[in-house]
Amino acid sequence: MPLDSRPPTDPASTLDARFRSAIHAVSQRDADPQIRPSTNPAFGDYQANAAMSLAKETKGNPRELAAALANAVDLAGIAEPPVIAGPGFLNIRLESSFIVAMLAAMDNASLGVGVTNETHAVVVDLCGVNVAKQMHVGHLRATIIGDTIARVFERVGRTVWRENHLGDWGLPIAMTLAALRRANVDLDQLTLNQLNSAYRTAQLEGRSDEAGLAAAYATGAGPHRIAELLAQQMSAGAAIVDAKSTLLRLQGGDAEVVAAWEKIITCTMREVYASTATLNAKVTAEHNRGESFFRDRLAPVVDGFIKAGLAKEDQGAIIVPFADRERPLLIRKSDGGFLYATTDLAALRFRTFDLNGSRVIYVVDARQRDHFKDVFDAAALIGWDRTKDGEKAEITHLGFGTVLGKDKRPLKTRSGENFTLKDLLDEAIERGISEVTRRAQDPNAPTHSLSATELARVGRAVGIAAIKYADLSNDLTKDYVFDLDRMVAFEGDTGPYLQYAHARIANMLAKAKDSASDIASANHAVAEPAERALALHLLRYPQMILDVTRTLETNRIGAYLRTLAELFNAFYQSCPVLKSEDDTLRRARLRLCGLTRDVLHDGLSLYGIEAPERM
RNA sequence: GUCCCGGUAGCUCAGUUGGAUAGAGCAGCGGCCUUCUAAGCCGCAGGUCGAUGGUUCGAAUCCAUCCCGGGACGCCA
């Protein structure tokens, strides 16, 4: 099934097809019927908005056209005859039997989500950690957003490559290695804190860039950039000489330096994997493909651009100029060294060609927007935006906003350091565990019988859900204020709210005396308004996922699930399930509950959020 | 200076790509538990959608010009 085809269990798919033929019959046009869920339940379940825009094109009367469509459309067994309203809206109320049939069709392991026959891979650049640096809140976003994007594509059957493009090569790493050696640190006992402080020391000691400063003046760079370079100039030292010789030894494969290099990578990644595991993000050693992987592909990148006549020398550096803008892309420094743009070009070519990716998604800080635009445009110039079999790849920079503190400035600790991810996760988990434990004191709580270990497991899941949901359910491109108190309040629009709805259903289903086969053979309950609203929303799940594969807007998942949980809670309030004496009604409601539970569970899994059975 | 991204309720944010009366959650006020889990539900109050003009049956959404905030702008990544 192609990815752009409509889910067969979604009523909007059927309505779209029927109205499309009606439009063709009436006007000989192939136009979008503009089927939308009704804005108000009083209007019906769906509305077709095509009459207005179609009338504009044909210079006809919108209400007359709407009437003609209502007359021409065949909705037998699907919906009642459409009702014309306002300037030309067509309001549609579905037959209950049709809703029940669609629910039955999606109520299986697939949940109505089809598997694509697209065989090209999806490549997701995520996490993006640097060796010798602790993960901070920026890495939180790159990791969990990337993981969610990957999960969504996996859900529709795509082959997905998670690429952790870690910064494990080049002068910064060599400077750190040199600093560690000068400090006589035993690398076998190395802690990440030691490593991190060595990295910062090395950065301070080694910053100097005369060529850069000269070029900055010559090209009229911004004052900010020049001030930055001047500050670096102040602290030039012998450290840079030491670092450069270390870099040469590393590049030359010197056994001693390479061994030290591997040790600092191991040290860094130990904590990275601990954090990704805590976050329930699938980022492990198998996803590592850092800068060092591309080290032998950098010179060929530059050669390739030169041979293609796309690059030229400028002030000793090699640049790729663009026709539509002043700013060129620098791919080799005047001292012969390569830059991150060079590595990114090598990596992009690897992703489209070697990994055969027709969709390449970079989950990286939005501030790198211009950089990626340049890299993508340069790749397009030379034709590296094509898969192995020549298909044009869709390459996207999914730039996320900055995490801010309550003061609206980038999040820092009291002392001005970046917030480490670990501290943040530890605090969220602690809050989750204490909250779950507190509630378990109540003898009537479903969690009362759980052991401390089990409570800790649930509390952990709750705390992590709070953080992940708060991040993933916002517009990714915007900055957001990180307020842990608000996130772990567990009331209102939160991850735990969704988990709670799920746990209620799971607990109810566990208590049900009806056999699984009795429930499975019942028709889903749709008679009551609360049931019907819940049912209609369940049917939109597959289309929601397809929308996310197109837009990469992970907040749509959160919005969908929140509405689902709200509709379920409203249903739960007004429609007794286990208390229903009538066997048919009870089983019908249990079946609706079961499907809701499955969709909630599946949806939460796209966020990598656990759904405990009790909480 | 050039370019990019934002501005929606007191606060934090949605708004299904131009549709009907702009929605949630916090915070505030008022109801609902001898419990199918109150981490919930129902109600009240809260808005010149940054500003002005334009496009049209119809604009928070599209176009233009301003205002405010943030970011990027050649040898760091």
Side-chain angles (χ1 to χ4, degrees), chain A residues 34 36-40 43 47 49 52-53 55-56 62 85-89 128 130 167 170-172 203 207 209 211-216 218-222 224-225 228-229 232 291 314-319 325-330 332-335 337 339-341 343-344 366-371 373 399 401-402 408 435-436 439 442 444-447 462 470 473-475 477-481 483 486 489-494 496-497 499-501 503-504 507-508 511-512 540 543-544 547 551 555-556 558-560 562-563 566 569-570 572-574 576-580 614-615:
Chain A
Q34 299 180 40
R36 308 275 185 269
S38 284
T39 50
N40 184 337
F43 296 149
Q47 55 189 53
N49 296 344
M52 279 95 70
S53 50
K56 188 188 288 187
F89 295 108
N130 290 306
L171 195 57
Q203 288 295 304
R207 283 280 171 106
D209 193 348
L213 191 57
T219 57
H224 175 75
R225 181 73 188 138
E228 197 173 82
L229 292 166
Q232 294 170 10
E291 293 171 347
D314 189 282
Q315 298 170 51
I318 303 294
I319 62 167
R325 71 191 92 124
E326 291 290 311
R327 160 172 47 95
L329 181 66
L330 209 60
R332 198 175 75 190
K333 300 195 277 187
S334 51
D335 68 2
L339 296 108
Y340 68 123
T343 314
D344 279 335
R367 285 173 297 192
Q368 296 196 36
R369 196 183 309 267
D370 287 349
H371 164 68
K373 178 176 171 56
T402 306
K408 300 284 188 86
E435 194 69 11
V436 167
R439 286 163 191 282
D442 181 350
N444 291 321
T447 48
V462 168
S473 64
N474 276 341
D475 183 340
T477 61
K478 290 188 184 173
D479 295 349
Y480 78 101
V481 174
D483 182 348
R486 185 163 48 79
F490 305 152
E491 276 155 13
D493 187 10
T494 64
Y497 174 86
Q499 291 175 312
Y500 182 66
R504 275 176 148 181
N507 204 236
M508 198 196 299
K511 283 183 181 175
R540 291 186 196 126
Q543 184 62 53
M544 182 278 293
D547 289 344
T551 64
N555 55 316
R556 289 184 188 231
Y560 174 88
R562 189 186 60 247
T563 301
E566 272 169 6
N569 282 332
Y572 182 84
Q573 199 76 19
S574 63
V577 181
L578 297 178
K579 287 180 190 165
S580 294
R614 283 187 275 179
M615 65 182 276

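Side-chain proximity of Glu491(A) to U37(B), A39(B), G71(B): nearest is A39(B). Set against A39(B), C75(B), U16(B), the side chain of Arg556(A) has U16(B) as its closest nucleotide. When the nucleotides C41(B), G15(B), G74(B) are ranked by their closest atom to the side chain of Ala570(A), C41(B) comes out on top. Candidate nucleotides G74(B), A38(B), A14(B) were compared by shortest atom distance to the side chain of Arg504(A), and A38(B) ranks first. The side chain of Leu339(A) has A77(B) as its nearest neighbour among G71(B), G7(B), A77(B). In this structure, the nucleotide among U12(B), A77(B), U16(B) sitting nearest to the side chain of Val481(A) is U12(B). Side-chain atoms of Lys333(A) lie closest to C75(B) of the nucleotides U35(B), A20(B), C75(B). Candidate nucleotides A39(B), G40(B), C36(B) were compared by shortest atom distance to the side chain of Asn569(A), and G40(B) ranks first. Here the nucleotide nearest the side chain of Lys478(A), chosen from A72(B), A14(B), A77(B), is A14(B).
Residue Leu171(A) is out of contact with every strand shown, counting any heavy-atom pair closer than 4.0 Å. Within the 4.0 angstrom heavy-atom criterion, only backbone atoms of the sugar-phosphate kind lie near Arg36(A); the bases stay farther away. Residue contacts for Gln368(A): at a heavy-atom cut-off of 4.0 Å it reaches a base atom on one of the strands shown. Among the atoms of the strands shown, none is found under 4.0 Å from any heavy atom of Asp335(A). Across all strands, Ala503(A) comes closer than 4.0 Å to base atoms (heavy-atom distances). Using a 4.0 Å heavy-atom distance criterion, Ala501(A) is classed as making no nucleic acid contact. Among the heavy atoms of the strands lying under 4.0 Å from Met615(A) is at least one base atom, whether or not backbone atoms are also near. Contact annotation for Thr551(A): base contact, defined as any heavy-atom pair under 4.0 Å involving a base atom. Counting any heavy atom pair closer than 4.0 Å across all strands shown, Ala559(A) reaches no nucleic acid atom. Nucleic acid contact for Asp475(A): sugar-phosphate only, since backbone atoms but no base atoms lie under 4.0 Å from a heavy atom of the residue.
For the C1' atom pair drawn from A38(B) and C32(B), the interatomic distance equals 9 Å after rounding to whole Å. The gap from the C1' atom of C36(B) to that of U12(B) amounts to 34 Å, rounded to the nearest Å. Separating the P atom of C4(B) from that of A20(B) is a span of 31 Å, rounded to the nearest Å. Taking atom C1' in both C26(B) and A9(B), one finds a spacing of 12 Å when rounded to whole Å. A gap of 38 Å separates the P atoms of A24(B) and C66(B), to the nearest Å.
A close approach under 4.0 Å does occur between a side-chain nitrogen or oxygen of Lys511(A) and OP1 or OP2 of U37(B). Look at Tyr572(A) and you won't find any side-chain N or O under 4.0 angstrom from OP1 or OP2 of C41(B). Arg439(A) has a side-chain polar atom (N or O) that falls below the 4.0 Å cut-off from OP1 or OP2 of A39(B). At U35(B), none of the side-chain N or O atoms of Lys579(A) fall inside 4.0 Å of OP1 or OP2 (strictly under the cut-off). Residue Asn507(A) places at least one side-chain N or O closer than 4.0 Å to OP1 or OP2 of U37(B).
By the 5.5 angstrom centroid cut-off and the 30-degree plane limit, Phe89(A) is classified as not stacked against the base of G19(B). C13(B) has no stacking from Tyr480(A) on its base ring, since the centres under 5.5 angstrom apart and planes within 30 degrees of parallel are not both found.
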**Q.** Residue pair Tyr497(A), Asn569(A): steps toward the side chain to side chain donor-acceptor pair (under 3.5 Å) verdict
**A.** CA-CA 10 Å; Tyr497(A) 174 86; Asn569(A) 282 332; 3.0 Å; yes
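The shortest heavy-atom contact between Ala470(A) and Ser473(A) is O-OG, 4.0 Å. Between Asp479(A) and Thr402(A), the closest heavy-atom pair is OD1-N, 2.7 Å. Contact between Arg439(A) and Ala445(A) at its shortest, heavy atoms only, is O-CB, 3.4 Å.
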Q: Quick one: the dot-bracket string of RNA chain B, using Watson-Crick and G-U wobble pairs with both distances under 3.5 Å, [ ] for crossing pairs and | for bases paired to another strand.
A: (((((((..((((.....[...)))).(((((.......))))).....(((((..]....))))))))))))....
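At a threshold of 4.5 Å between non-hydrogen side-chain atoms, the residues Glu435(A) and Val462(A) do not count as touching. Taking the side chain as every heavy atom from C-beta outward, Lys333(A) and Leu339(A) approach each other to under 4.5 Å.
Residue Arg614(A) contributes atom CZ, which lies 21 Å from atom P of G40(B) at whole-angstrom precision. Taking atom CD of Glu326(A) as the reference point, atom P of G74(B) lies 12 Å away to the nearest angstrom. A39(B) atom P lies 12 Å from atom CG of Asn444(A), rounded to whole Å. Whole-Å rounding puts the Phe490(A) CZ to G25(B) P distance at 19 Å. As rounded to whole Å, 17 Å separates atom P of G23(B) from atom CG of Asp493(A). Straight-line distance from the CZ atom of Arg327(A) to the P atom of C4(B): 10 Å, rounded to whole Å. With rounding to whole Å, Phe43(A) atom CZ is found 9 Å from A20(B) atom P. Between the OH atom of Tyr500(A) and the P atom of C41(B) there is a distance of 9 Å, rounded to whole Å.
Rounding to the nearest 0.5 Å places NZ of Lys373(A) at 7.5 Å from CZ of Arg327(A). Going from atom CZ of Arg562(A) over to atom CG of Asn555(A) covers 9.5 Å, rounded to the nearest 0.5 Å.
No donor-acceptor pair under 3.5 Å is formed between the side chain of Arg332(A) and the backbone N or O of Ile318(A).
Between the side chain of Glu566(A) and the base of A24(B), no donor-acceptor pair under 3.5 Å is found. The base of G71(B) lies outside donor-acceptor range of the side chain of Asp479(A), with no N or O pair under 3.5 Å.
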Protein-nucleotides 54-58 of chain B N/O pairs closer than 3.5 Å?
{"from": "G58(B)", "atom 1": "O6", "to": "Lys56(A)", "atom 2": "NZ", "distance (Å)": "3.1"}

Under-3.5 Å N/O pairs linking protein and nucleotides 31-34 of chain B:
none

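Taking 90° from 0 as the syn/anti boundary, the base of U8(B) is oriented anti. Here C68(B) is in the anti range [glycosidic angle more than 90° from 0].
If you find the closest nucleotide of RNA chain B to Thr39(A) and to Asp547(A), the one lying nearer the 5' end belongs to Asp547(A).
Of the N and O atoms on the side chains of Asp547(A) and Gln543(A), at least one donor lies less than 3.5 Å from an acceptor on the other residue.
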